[in-house]
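To find a chain, count down the sequence lines: A is the first, B the second, and so on, and within it residues start at 1.
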Protein chains: 2
Amino acid sequence: MSTTGLPFDDIRDLVRRMPGPDEAAVRVKREREGQLTKPAGALGRLEDLSEWLAAWQGRQPAVRRPLVAVFAGNHGVTRQGVSPFPAEVTAQMVANFGAGGAAINQICAAYDLGLKVFDLALEIPTEDITEAAAMDERTCAATMAFGMEVLAGEPDLLCIGEMGIGNTTIAAAIFAALFGGDPRDWTGPGAGHDAAGVDKKARVVAAALERHKGHLADPLEVLRRLGGREIAAMAGAILAGRMQKVPVIVDGFVSTAAAAILYAMDPRALDHCLFGHVSAEPGHIRAVEAIGKVPLLALGMRLGEGTGAAIAAGIVKAAAECHSGMATFGEAAVSNRE
Amino acid sequence: MSTTGLPFDDIRDLVRRMPGPDEAAVRVKREREGQLTKPAGALGRLEDLSEWLAAWQGRQPAVRRPLVAVFAGNHGVTRQGVSPFPAEVTAQMVANFGAGGAAINQICAAYDLGLKVFDLALEIPTEDITEAAAMDERTCAATMAFGMEVLAGEPDLLCIGEMGIGNTTIAAAIFAALFGGDPRDWTGPGAGHDAAGVDKKARVVAAALERHKGHLADPLEVLRRLGGREIAAMAGAILAGRMQKVPVIVDGFVSTAAAAILYAMDPRALDHCLFGHVSAEPGHIRAVEAIGKVPLLALGMRLGEGTGAAIAAGIVKAAAECHSGMATFGEAAVSNRE
């Protein structure tokens, strides 16, 4: 389908070829659901989750190889003082992930989720978006393609998370470019800014939007100009999940910015995605609502690393187990309603 | 402290002797929390959960022996046609729990939670509360004491659940007696009634309240006159958790009725309790708000069996793991905020 040969054309081609849900798997799932030893509908959203798995795994729901993928990137915009933490923390936290010392390590251990961390050229931050495009098209497309490799180990459920000092500023710029509104609508404390810090972030976002004005109609251009490497990689991973029948759980504010790029390309692009939680970062609920999703959890988390998605994955696992493991009324000799 | 020698006096004496939170354990927990490799507060409610564990376990938070206890009882009021399922389903579901075929079995397996099911004289339903007191005082107090035995295996986290055809009617009557309001405020579809069925339940609740009018000022009398055996046992189990430093996760509508009895005796009696979720049964949020609690989850579940509490326990486990397993800034050589 590629006509011009530019790197983004392959991405656009994939989006055009996205498969829909597996209606046959959904029918089989619903048929069994109605026979399980509980009042119809009594497991509430757990029943929705197992149906979502069936639709996008294209089989009866099962979570045997869940994976949390954490993408880490560095951002030239940190030179504008947008984070209370120094930029070297990105690499330090990647080392912490490797040593098993971060929050995401503990949650993965608690729920037996695989964990892979992708270090995206941390030594080469993207350009400062107040001055230049973050990346060139080739780098952006190659990073998306790299993100697609997350499926190499054949997970059957994928949680998307990130680490990157400065990346709530990047995400805010992306949301403002895609969904409009004032930069202040999308900026918040991030890792812990006070009101003055949030003001500064909003001014940096406004400066970036001004710098790239007139070039933000194409979502992939928004990604290239404003986005970080981890956001490009997450967008690739989400798209790959769709193509390869792997349902995706999106984490918080920054992960949602990656999802939003795909949504802006095609509103159906996130039909295989669950939003695991709503972050305490104030712009997140606004972004999730713009995308038309209802987050599973609201736990006041705002850490990133895929932590909110991983907590949600624990619930998705239980939902799959309920569907596959429960006895039917017939098997258990339990009387159904009169 | 027992002065009259009546069976309820021992219960009243326990409530008077309830210990408070362990402030020293909380201080140690907070000190460590501030050193963990994440922005302060970034794990949101997970940090509250690990503090709650510390306060009521009286040690650094850990979930090594979590237990789900499901109490099953039968109710004479089922003869009024208050459930769309026949009363024999209670015993059939107890057999299903034993065989591993119910929803709670799958959730316990998913999160490695222990499961014990207590069959409370299913062959002897309590009296029909529209005609008589459900139990005599000796039976009620003995059933509460039996519920306290749930801690024999020394769990360090206890989830409380139940099974009993007809028991949403029983719970509605208890809430109306304790918190007032119209019977309709507390009656809902339960296991799946239509509007006519809900109307009938509300009329049965009104008849029970009329029958016991003038005798419902003492919460233990409310329990004895209106409550089922499983509700008495759950109230005992919750109280035992308090006395023996075992935090308790309360499940849904019916479990909350047991908690409400204790709350009416002393509003501090539920300080060691987490409400795992808000049920889809419409009266549940009203009851939880009357008690002054904020449920952890809202997943539209309405099954009972401890399923909502067990899903919450999965999150509590992850919260404890984050607190105990994460590296500190010093250990991981991660730079803290500037």
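- Distance check: B:M93 CE to A:T37 OG1 gives 4.5 Å after rounding to the nearest 0.5 Å.
- With a threshold of 4.5 angstrom between heavy atoms, B:A103 approaches chain A through its backbone and through its side chain.
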Should A:F85 and B:V334 be marked as a side-chain contact (heavy atoms from CB on, under 4.5 Å) after you check the CA-CA gap, both sets of side-chain angles, and the distance that decides it? CA-CA 10 Å; A:F85 286 84; B:V334 172; over 6 Å; no
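- Contacts between B:A40 and chain A at a heavy-atom distance below 4.5 Å involve the backbone alone (N, CA, C, O).
- A:I311 touches chain B through its side chain: at least one heavy atom from C-beta onward sits under 4.5 Å away, while N, CA, C and O do not.
- Within the model, atoms NE2 of B:H277 and CZ of A:R45 stand 15.5 Å from one another, a figure rounded to the nearest 0.5 Å.
- Between the CE atom in A:M301 and the SG atom in B:C322 there is a gap of 7.0 Å [rounded to 0.5 Å].
- Put simply, the side chain of A:Y111 never gets that close to the backbone of B:A110: no donor and acceptor are under 3.5 Å apart.
- Only the side chain of A:F329 comes within contact range of chain B, judged by heavy atoms closer than 4.5 Å.
- Note: B:A318 leads B:A91, B:A318, B:A280, B:A310 in heavy-atom pairs under 4.5 Å with chain A.
- Only the backbone of A:A333 comes within less than 4.5 Å of a heavy atom in chain B; its side chain stays farther off.
- A:K293 NZ: more than 12 foreign heavy atoms inside a 6.0 Å radius.
- For the set B:A327, B:A42, B:P39, the count of heavy-atom pairs under 4.5 angstrom toward chain A peaks at B:A42.
- Under the side-chain contact (heavy atoms from CB on, under 4.5 Å) test applied with B:K38, the options A:T307, A:L303, A:I104 reduce to a single match, A:L303.
- The greatest number of non-hydrogen atom pairs below 4.5 Å with chain B, out of A:A319, A:A99, A:G41, A:A320, is found for A:G41.
- Side chains of B:Q106 and A:S324 form no contact here, defined as non-hydrogen atoms less than 4.5 Å apart.
- Between the side chain of A:Q92 and the backbone N or O of B:S335, at least one donor-acceptor pair lies under 3.5 Å.
- Going from atom CD of A:E305 over to atom CG of B:L43 covers 8.0 Å, rounded to the nearest 0.5 Å.
- One distance of note links CG of B:L297 with CG of A:L296; it measures 8.0 Å at 0.5 Å rounding.
- Between chain A and the residues B:E321, B:E331, B:R302, the largest count of heavy-atom pairs under 4.5 Å involves B:R302.
- Interatomic distance, CG of B:L299 versus CG of A:L49, reported as 8.0 Å (0.5 Å rounding).
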